[in-house]
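Structure, as C-alpha coordinates:
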Amino acid sequence: MPKEKATRKTKAKAVSDGGKKKKDPNAPKRGLSAYMFFANEQRDNVREENPGISFGQVGKVLGERWKALNPKQREPYEAKAKTDKQRYEDEKASYNANDEEEDEE
DNA sequence: CCACTGATTGTTCCC
DNA sequence: GGGAACAATCAGTGG
(Lines give C-alpha, C1' and ligand atoms only; values in the text may rest on other atoms or scores of the structure.)
Protein backbone atom coordinates (compact mmCIF):
# COMPACT_ATOMS: atom_id res chain seq x y z
CA MET A 1 0.00 0.00 0.00
CA PRO A 2 1.40 3.35 -0.94
CA LYS A 3 0.25 5.23 2.03
CA GLU A 4 -2.87 4.58 3.94
CA LYS A 5 -3.31 6.94 6.80
CA ALA A 6 -5.28 4.93 9.27
CA THR A 7 -5.45 8.12 11.29
CA ARG A 8 -8.47 9.61 9.61
CA LYS A 9 -11.83 10.79 10.82
CA THR A 10 -10.51 10.52 14.31
CA LYS A 11 -13.23 12.69 15.68
CA ALA A 12 -15.37 9.60 15.43
CA LYS A 13 -14.44 8.86 19.01
CA ALA A 14 -10.77 9.25 19.83
CA VAL A 15 -10.41 7.44 23.11
CA SER A 16 -13.27 5.52 24.58
CA ASP A 17 -13.20 7.14 27.97
CA GLY A 18 -9.58 7.18 28.99
CA GLY A 19 -9.42 10.94 28.63
CA LYS A 20 -5.79 10.94 27.58
CA LYS A 21 -5.60 13.99 25.37
CA LYS A 22 -7.80 16.22 27.45
CA LYS A 23 -9.05 18.96 25.19
CA ASP A 24 -7.95 22.42 26.06
CA PRO A 25 -10.25 24.45 28.29
CA ASN A 26 -10.29 27.35 25.85
CA ALA A 27 -9.38 25.25 22.85
CA PRO A 28 -7.76 27.87 20.60
CA LYS A 29 -9.11 26.29 17.43
CA ARG A 30 -6.10 26.16 15.11
CA GLY A 31 -6.09 28.36 12.09
CA LEU A 32 -7.57 27.12 8.83
CA SER A 33 -5.61 24.92 6.45
CA ALA A 34 -4.28 25.93 3.04
CA TYR A 35 -6.90 23.63 1.57
CA MET A 36 -9.64 25.60 3.26
CA PHE A 37 -8.60 28.76 1.42
CA PHE A 38 -7.94 26.82 -1.75
CA ALA A 39 -11.43 25.37 -1.65
CA ASN A 40 -12.81 28.83 -1.04
CA GLU A 41 -11.50 29.99 -4.39
CA GLN A 42 -11.59 26.80 -6.42
CA ARG A 43 -15.01 25.90 -5.16
CA ASP A 44 -16.25 28.54 -7.57
CA ASN A 45 -13.94 27.58 -10.41
CA VAL A 46 -14.52 23.86 -10.06
CA ARG A 47 -18.29 24.22 -10.00
CA GLU A 48 -18.03 26.48 -13.01
CA GLU A 49 -16.09 23.95 -15.04
CA ASN A 50 -18.28 21.16 -13.69
CA PRO A 51 -21.81 22.56 -13.72
CA GLY A 52 -24.27 20.39 -11.91
CA ILE A 53 -21.75 18.08 -10.28
CA SER A 54 -22.43 16.55 -6.88
CA PHE A 55 -20.45 17.24 -3.77
CA GLY A 56 -18.77 13.84 -4.10
CA GLN A 57 -17.22 14.79 -7.44
CA VAL A 58 -16.50 18.37 -6.38
CA GLY A 59 -14.67 17.31 -3.24
CA LYS A 60 -12.64 14.74 -5.19
CA VAL A 61 -11.69 16.93 -8.13
CA LEU A 62 -10.96 19.66 -5.63
CA GLY A 63 -8.42 17.50 -3.86
CA GLU A 64 -6.92 16.31 -7.14
CA ARG A 65 -6.60 19.86 -8.43
CA TRP A 66 -5.06 20.88 -5.14
CA LYS A 67 -2.30 18.32 -5.50
CA ALA A 68 -2.07 19.05 -9.20
CA LEU A 69 -1.08 22.57 -8.29
CA ASN A 70 2.57 23.43 -7.95
CA PRO A 71 4.16 24.54 -4.68
CA LYS A 72 4.17 28.04 -6.05
CA GLN A 73 0.45 27.80 -6.72
CA ARG A 74 -0.20 26.70 -3.17
CA GLU A 75 1.94 29.57 -2.01
CA PRO A 76 -0.96 32.07 -1.85
CA TYR A 77 -3.07 29.46 -0.08
CA GLU A 78 -0.31 28.44 2.28
CA ALA A 79 0.34 32.12 2.86
CA LYS A 80 -3.27 32.56 3.92
CA ALA A 81 -3.07 29.47 6.04
CA LYS A 82 -0.01 30.94 7.64
CA THR A 83 -1.87 34.18 8.31
CA ASP A 84 -4.66 32.25 9.93
CA LYS A 85 -2.13 30.28 11.88
CA GLN A 86 -0.80 33.52 13.28
CA ARG A 87 -4.30 34.33 14.41
CA TYR A 88 -4.37 30.96 16.06
CA GLU A 89 -1.12 31.78 17.76
CA ASP A 90 -2.79 34.79 19.26
CA GLU A 91 -5.60 32.68 20.60
CA LYS A 92 -3.09 30.19 21.89
CA ALA A 93 -1.24 33.03 23.60
CA SER A 94 -4.38 34.23 25.32
CA TYR A 95 -5.23 30.66 26.09
CA ASN A 96 -1.86 30.16 27.72
CA ALA A 97 -2.00 33.50 29.50
CA ASN A 98 -5.38 32.59 30.84
CA ASP A 99 -4.01 29.35 32.11
CA GLU A 100 -1.82 31.23 34.54
CA GLU A 101 -4.44 33.54 35.83
CA GLU A 102 -5.92 36.76 34.51
CA ASP A 103 -9.63 36.75 34.48
CA GLU A 104 -11.32 38.84 31.92
CA GLU A 105 -14.74 37.39 31.95
C1' DC B 1 14.24 13.24 21.64
C1' DC B 2 11.02 11.41 18.13
C1' DA B 3 6.64 9.71 16.41
C1' DC B 4 1.99 9.48 16.25
C1' DT B 5 -2.50 10.49 17.14
C1' DG B 6 -6.30 13.28 18.05
C1' DA B 7 -8.69 17.54 17.20
C1' DT B 8 -9.95 21.30 14.07
C1' DT B 9 -11.30 24.01 9.80
C1' DG B 10 -13.97 24.96 5.36
C1' DT B 11 -16.44 23.47 0.88
C1' DT B 12 -20.63 21.34 -1.15
C1' DC B 13 -24.65 17.90 -1.10
C1' DC B 14 -28.98 16.12 0.87
C1' DC B 15 -32.16 14.94 4.88
C1' DG C 1 -27.54 21.74 11.36
C1' DG C 2 -24.84 17.88 10.61
C1' DG C 3 -22.30 14.14 8.44
C1' DA C 4 -19.10 12.84 4.96
C1' DA C 5 -14.66 12.82 1.21
C1' DC C 6 -10.89 16.25 0.36
C1' DA C 7 -6.28 17.97 2.47
C1' DA C 8 -3.43 20.37 5.90
C1' DT C 9 -1.74 21.33 10.33
C1' DC C 10 -0.47 21.60 14.81
C1' DA C 11 -0.14 20.83 19.60
C1' DG C 12 0.29 17.58 23.28
C1' DT C 13 1.12 13.11 25.02
C1' DG C 14 3.52 8.89 25.33
C1' DG C 15 7.75 5.65 25.28
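Quick note on labels: first sequence line is chain A, next is B, and so on, each numbered from 1.
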Heavy atoms under 4.0 Å, any strand shown: does A:Leu62 hit a base, just sugar-phosphate, or nothing? nothing
Test item: side-chain donor near acceptor, A:Asn45 and A:Glu41, under 3.5 Å: no
To the nearest Å, give me how far apart CG (A:Leu32) and C1' (C:dT9) are. 11 Å
Below 4.5 Å, heavy atoms only, C-beta onward: do A:Arg74 and A:Trp66 meet side chain to side chain? yes
Within this structure, what is the OH-to-P distance between A:Tyr77 and B:dG10, rounded to whole angstrom? 17 Å
Given atom CD of A:Glu64 and atom C1' of C:dA8, what is their separation to the nearest angstrom? 17 Å
N/O (side chain, A:Asn40) to phosphate O (OP1/OP2, B:dG10) under 4.0 Å: no
Write down the distance between CZ (A:Phe55) and P (C:dG2), rounded to a whole number of angstrom. 16 Å
Is the base of C:dT9 touched by the side chain of A:Arg30 through a donor-acceptor pair closer than 3.5 angstrom? yes
5'-most by nearest nucleotide on DNA chain C - A:Ala81 or A:Gly56: A:Gly56
I'd like to know whether A:Lys60 forms a salt bridge (Lys or Arg N to Asp or Glu O under 4.0 Å) with A:Glu64, so could you lay out the CA-CA distance, the side-chain angles of the two residues, the decisive distance to 0.1 Å, and finally the verdict. CA-CA 6 Å; A:Lys60 279 191 177 166; A:Glu64 285 181 71; over 6 Å; no
Which is true for A:Tyr88 with a 4.0 Å heavy-atom rule: it touches a base, it touches only sugar-phosphate, or it touches nothing? sugar-phosphate
Distance in angstrom units between A:Lys92 NZ and B:dT9 P, rounded: 16 Å
Check whether any side-chain nitrogen or oxygen of A:Lys29 sits under 4.0 Å from OP1 or OP2 of B:dA7, and answer yes or no. no
Would you say that more than 12 heavy atoms from the other residues, nucleotides or ligands in this model lie under 6.0 Å from the CZ of A:Arg65, or not? no
A:Tyr77 and A:Tyr35: side-chain contact (heavy atoms from CB on, under 4.5 Å), yes or no, with the steps? CA-CA 7 Å; A:Tyr77 305 109; A:Tyr35 193 81; over 6 Å; no
Start at the 5' end of DNA chain C and walk down; is the nucleotide closest to A:Ser33 or to A:Glu89 reached first? A:Ser33
Starting at atom CE of A:Met36, determine the distance to atom P of C:dA8, rounded to an integer number of angstrom. 10 Å
Atom-to-atom span, CZ of A:Arg74 to P of C:dT9 - whole angstrom: 9 Å
How many Å lie between CZ on A:Phe38 and P on C:dA5, as a whole number? 19 Å
Looking at B:dC13, I'd like to know if its phosphate oxygens (OP1 or OP2) sit under 4.0 Å from a side-chain N or O belonging to A:Arg47. yes
